[in-house]
Amino acid sequence: MKARRILLYMALVLSAPPSFAESACCDPESPFRPGEAYPETLASCETIRHWADRAPATDKRITLGIKGRLTGVHADGVMAYLLMCEPSEVQVMCVTYNANGLARGDEVVFGGGYGRLDAHHVVLDPCLASRGQ
């Protein structure tokens, strides 16, 4: 009987529609995803302003994915700060633990917790960076 109740409960949970917060979060065509999910669509330096201006209005964590060339790599021995896009555009900073040998000019993909500092700066913290494919 207990096993049947557990199976019924699991079936109800798995068949439930997404919560309002999840469904209201992110356009499926956008580079944003709720929580720590990784988006299939990635922003670029050419599209980041468009997407940043349309970021989901939520106090919950959202993840942004973006692909482009590194414009700067800074490390202080504890953290690494990877920059993508030119300062005249919307510049994106990936805050991570290690630059992993990445250098200015490398094609990379960032994925991390989205935060908009101002009209020209986005911070992804925490962030994962990997070589672009």
Asks: Are D27 and R33 ion-paired here, with the side-chain N under 4.0 Å from a carboxylate O?
Replies: no
Asks: Walk me through whether V95 and V123 qualify under side chain to side chain contact (heavy atoms under 4.5 Å, CB included).
Replies: CA-CA 7 Å; V95 180; V123 174; 3.9 Å; yes
Asks: Please answer whether the main-chain N or O of H50 pairs with a side-chain N or O of D53 as donor and acceptor at a distance below 3.5 Å.
Replies: no
Asks: Please walk me through it: do V90 and R116 pass side chain to side chain contact (heavy atoms under 4.5 Å, CB included)?
Replies: CA-CA 10 Å; V90 174; R116 181 96 184 245; 4.3 Å; yes
Asks: To the nearest 0.5 Å, what is the distance between CD (E29) and CH2 (W51)?
Replies: 7.5 Å
Asks: Do any N or O atoms from the side chain of R49 and from the backbone of A52 form a donor-acceptor pair under 3.5 angstrom?
Replies: no
Asks: Hey, which of V122, I66, L64 is the one that makes side chain to side chain contact (heavy atoms under 4.5 Å, CB included) with F110?
Replies: I66
Asks: Testing the basics here: between K60 and T58, what is the closest heavy-atom pair and its distance to 0.1 Å?
Replies: N-OG1, 3.0 Å
Asks: Starting from the C-alpha separation in whole Å, work towards a yes-or-no answer on side chain to side chain contact (heavy atoms under 4.5 Å, CB included) for Q91 and T71.
Replies: CA-CA 9 Å; Q91 195 168 44; T71 58; 3.8 Å; yes
Asks: Is R104 reaching over with its side chain to a backbone N or O of L70, donor-acceptor style, under 3.5 angstrom?
Replies: no
Asks: Using side-chain heavy atoms (C-beta onward) and a distance below 4.5 Å, is S44 in contact with K67?
Replies: no
Asks: Is the shortest side-chain heavy-atom distance between Y114 and T63 below 4.5 Å?
Replies: no
Asks: Sub-3.5 Å donor-acceptor pair from the side chain of T96 to the main-chain atoms of L128, do we have one?
Replies: no
Asks: Applying the 4.5 Å side-chain criterion to the ILVMFWY set and letting contacts propagate, would L124 and I48 be lumped into a single cluster?
Replies: yes
Asks: State, to 0.1 Å, how close C25 and I62 come at their nearest heavy-atom pair, and which atoms those are.
Replies: SG-CG2, 3.6 Å
Asks: Over all heavy atoms of both residues, which pair between P28 and T41 is shortest? Give the atoms and the distance, please.
Replies: O-OG1, 4.2 Å
Asks: Name every donor-acceptor pair, under 3.5 Å, that has one atom in a side chain of residues 73-86 and the other anywhere in the protein, sequence neighbours excluded.
Replies:
unit_1, atom_1, unit_2, atom_2, d
D76, OD1, V78, N, 2.8
D76, OD1, M79, N, 2.7

Asks: Grab the two heavy atoms, one from F32 and one from C26, that are nearest each other, plus how far apart they are.
Replies: O-CB, 3.4 Å
Asks: Considering residues at least two apart in sequence or located in another chain, which fulfil the salt bridge (charged side-chain N to carboxylate O under 4.0 Å, His left out) criterion with R69?
Replies: E107
Asks: Is N100 reaching over with its side chain to a backbone N or O of L102, donor-acceptor style, under 3.5 angstrom?
Replies: no
Asks: Contact between E36 and R61 at the side-chain level, heavy atoms closer than 4.5 Å - yes or no?
Replies: yes
Asks: What are the two closest non-hydrogen atoms of L42 and P39, and how far apart are they?
Replies: CD2-O, 4.1 Å
Asks: For the OH atom on Y38, are there more than 12 heavy atoms of other groups (residues, nucleotides or ligands in this structure) within a distance under 6.0 Å?
Replies: yes
